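All chains are named by letter (A, B, ...) in the order of the sequence lines, taking the proteins before the strands, and each is independently numbered beginning at 1. The shown structure was predicted, so the numbers you read here are calculated from the model rather than taken from an experiment.
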Number of protein chains: 2
Amino acid sequence: MNESSTSAPARPTRLLLVDDDALVRAGLRMILSSAEDLEVVAEASNGSEALEAVAAHRPDIVLMDVRMPVMDGLTAAAQITGRPGAPSIIMLTTFDLDEYVFQALQAGAMGFLLKDTPPRELVGAVRVVAAGEAMLSPTVTRRLVGHFAADAVNPRRQKAQERLRLLTERETEVLAAVGRGLSNADIGRELYMSEATVKTHVSRLLTKLDATNRVQVAIVAHDAGLMTDPAS
Amino acid sequence: MNESSTSAPARPTRLLLVDDDALVRAGLRMILSSAEDLEVVAEASNGSEALEAVAAHRPDIVLMDVRMPVMDGLTAAAQITGRPGAPSIIMLTTFDLDEYVFQALQAGAMGFLLKDTPPRELVGAVRVVAAGEAMLSPTVTRRLVGHFAADAVNPRRQKAQERLRLLTERETEVLAAVGRGLSNADIGRELYMSEATVKTHVSRLLTKLDATNRVQVAIVAHDAGLMTDPAS
DNA sequence: CGGCCACCCACGCCGGCCGGTGCGACTGCT
DNA sequence: AGCAGTCGCACCGGCCGGCGTGGGTGGCCG
């Protein structure tokens, strides 16, 4: 696992530091360059400078602050990632606001660290990301994990699935069809029954699901996760 | 931050080890009990035993394998969490399969570590979880982060949002109302316009969104994330 | 065994809502 | 003025949703 970093300093990991505060950059440079397998090859003081520095120096990893003048780190991250051979990005921030975290990860960041991360762990995180993995601060991890747990206990989803219990097999099939936006005639053709029959099933669905529309029925179908193959 | 664990061993963190392999348990016990702020108070060899042990010994943290006979770790985790005062759970596994990770986190686990985690980091992870945070192995973190990034590039969502670009303000309002399952008359009352006007807006939505039904329109609204307040 | 009940599935008729079309009024821009 | 874009409304055909009804199946009890 860690043999690649200890065996030989064949090719150090090239870093780009991006922060509007020169002192912060100096501190980071101090910490990171003390590791012999890491090398700070450039610095930038805002997002647009970071874009230029990435193009100019081709770093392996970018450590970037979130809040910066001119262009913030999140939009810069979104610009950097995506292209082939793009560097991995580690976001650094003082505050672990939810929106920052989610936006950063959706922008393609592979790391999200708080600035109070101890030097040893910071270096470790850089190495982890350099190895193609991801690293988050514990509080950030907690947010992410909590977000997942909350999704499982999503009240809307649970309520919806609860209601599905009392549906018959046939009704569930019709429910799925309604959720796809099919008309009654379409459903009849697809499930081999008269359109009139489809209507009764839909009627039962309406009463059983406390819906007044077929639209609301479709919504319940989606909320229950019926429309998404179980790869979620 | 870490003062509580280094200042005084006032009250060590109580651990429960759950694994069907006695050797694995012995190894874990060896590693963990070497830290003076940690104390292994019980062991169990499968999920149902784990439930009993939790009730009997009230541990602070449960370290549990995923694959076990009788009752696997995931269902046991789902049983343990949820009640007030329940211990935090760290899942241990040899393989970092996607389904394991997601199920474990949705079951309320606060940690997910691979068994090749070095002893030092294992102890650190336990302390982190004891502090109320979460800790994952780097590869697991990568999966989770990748899942989030993939969600941002969700083709259905992007396609749906793309289509929303060419909608007018008013149409978007109507779209949201349709997505809630309201009838045209309801929408008219809510947006202060005639039902006939609502119909024209819905018609435009049908053509602009390539839909044949209002149900499909509602689905697009949901896929685009219009129906979920921006807390996602 | 026969009767009964509960459940699921199936169908047809009717009123009301939806969706398509045509049209007019207002605004802002060139 | 001309024009594009948006929002507003009214009429018509077709689909949806509500209601009543019947046939088929499986379980329970006398």
Side-chain angles (χ1 to χ4, degrees), chain A residues 156 159-227, chain B residues 156 159-227:
Chain A
R156 228 171 40 190
K159 215 166 169 182
Q161 287 183 339
E162 194 69 21
R163 291 176 178 172
L164 297 197
R165 302 295 175 199
L166 42 90
L167 296 184
T168 70
E169 171 115 8
R170 206 67 170 150
E171 285 168 347
T172 308
E173 293 180 279
V174 175
L175 173 62
V178 172
R180 287 166 49 201
L182 299 181
S183 74
N184 288 338
D186 293 334
I187 299 174
R189 268 187 292 276
E190 191 157 307
L191 299 181
Y192 300 105
M193 56 184 167
S194 165
E195 180 183 345
T197 306
V198 178
K199 291 183 183 178
T200 57
H201 284 294
V202 173
S203 280
R204 292 188 190 286
L205 289 175
L206 289 172
T207 59
K208 286 190 179 181
L209 303 180
D210 295 318
T212 62
N213 276 336
R214 70 170 27 220
V215 177
Q216 296 176 0
V217 171
I219 294 172
V220 173
H222 277 77
D223 284 348
L226 251 195
M227 313 315 297
Chain B
R156 225 169 45 186
K159 215 165 170 183
Q161 286 184 339
E162 193 70 21
R163 291 175 178 172
L164 297 196
R165 300 296 174 196
L166 41 89
L167 296 183
T168 71
E169 172 116 6
R170 205 69 172 150
E171 286 169 347
T172 308
E173 293 180 276
V174 175
L175 173 61
V178 172
R180 286 168 47 202
L182 299 181
S183 73
N184 288 338
D186 294 334
I187 298 174
R189 270 187 291 276
E190 190 158 309
L191 299 182
Y192 300 105
M193 57 186 171
S194 165
E195 180 182 344
T197 307
V198 178
K199 292 182 183 177
T200 57
H201 283 294
V202 174
S203 279
R204 291 188 192 286
L205 289 174
L206 289 172
T207 60
K208 286 189 178 180
L209 303 180
D210 294 319
T212 63
N213 276 336
R214 71 172 24 223
V215 176
Q216 297 176 359
V217 172
I219 295 172
V220 173
H222 276 78
D223 284 349
L226 253 195
M227 313 315 297

Looking only at side-chain N and O atoms, does [X] come under 4.0 Å of OP1 or OP2 in [N]?
| X | N | value |
| --- | --- | --- |
| A:Thr197 | C:dC11 | yes |
| B:Asn184 | C:dC18 | yes |
| B:His201 | D:dG8 | yes |

Legend entry - Pair A:Arg214, B:Asn213: side-chain N/O donor-acceptor within cut-off below 3.5 Å: no

Take atom [atom1] of [X] and atom [atom2] of [N], then tell me their distance rounded to the nearest Å.
| X | N | atom1 | atom2 | answer |
| --- | --- | --- | --- | --- |
| B:Tyr192 | D:dC7 | OH | C1' | 18 Å |
| A:Lys208 | D:dG17 | NZ | C1' | 17 Å |
| A:Gln216 | D:dC16 | CD | C1' | 14 Å |
| B:Glu195 | D:dC9 | CD | P | 11 Å |
| A:Arg204 | D:dG17 | CZ | C1' | 14 Å |
| A:Leu205 | D:dC16 | CG | P | 14 Å |
| A:Leu191 | C:dC8 | CG | C1' | 15 Å |
| B:Leu182 | C:dC17 | CG | C1' | 14 Å |

Inset, instruction - Look at all strands and tell whether B:Thr200 reaches a base, only sugar-phosphate, or nothing, counting heavy atoms closer than 4.0 Å. - result: base

Inset, instruction - Assign A:Thr168 to base, sugar-phosphate, or nothing according to its heavy-atom contacts below 4.0 angstrom with the strands shown. - result: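 Sugar-phosphate, no base atom in range.
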
Inset, instruction - Could you tell me whether the side chain of A:Glu190 and the main chain of A:Asp186 form a donor-acceptor pair under 3.5 Å? - result: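 Such a contact is absent between A:Glu190 side chain and A:Asp186 backbone.
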
Legend entry - B:Gln161 (side chain) donor-acceptor with B:Ala224 (main chain) under 3.5 angstrom: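 Checking the backbone N and O of B:Ala224 against the side chain of B:Gln161, a donor-acceptor pair under 3.5 Å is found.
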
Inset, instruction - To the nearest 0.5 Å, tell me how far B:Leu209 CG sits from B:Gln216 CD. - result: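 Interatomic distance, B:Leu209 CG to B:Gln216 CD, rounded to 0.5 Å: 10.0 Å.
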
Select one nucleotide: of [options], the one nearest the side-chain heavy atoms of [X].
| X | options | answer |
| --- | --- | --- |
| A:Ala196 | D:dG8, D:dC16, C:dG12 | C:dG12 |
| A:Arg170 | C:dG19, C:dA10, C:dT21 | C:dA10 |
| A:Ser203 | D:dG17, C:dG22, C:dA10 | D:dG17 |
| A:Lys199 | C:dC9, C:dG20, D:dG18 | D:dG18 |
| B:Ser194 | D:dC16, D:dA10, C:dC11 | D:dA10 |
| B:Met193 | D:dC16, D:dG8, C:dC18 | D:dG8 |
| A:Ser183 | D:dC7, C:dG19, D:dC16 | D:dC16 |
| A:Leu206 | D:dG18, D:dC16, C:dC8 | D:dG18 |

Legend entry - Trace of the side-chain contact (heavy atoms from CB on, under 4.5 Å) decision for B:Asp223 with A:Met227: CA-CA 11 Å; B:Asp223 284 349; A:Met227 313 315 297; over 6 Å; no

Inset, instruction - Check whether any side-chain heavy atom of B:Arg170 sits under 4.5 Å from a side-chain heavy atom of B:Thr197, and report yes or no. - result: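 No; the side chains remain at least 4.5 Å from each other.
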
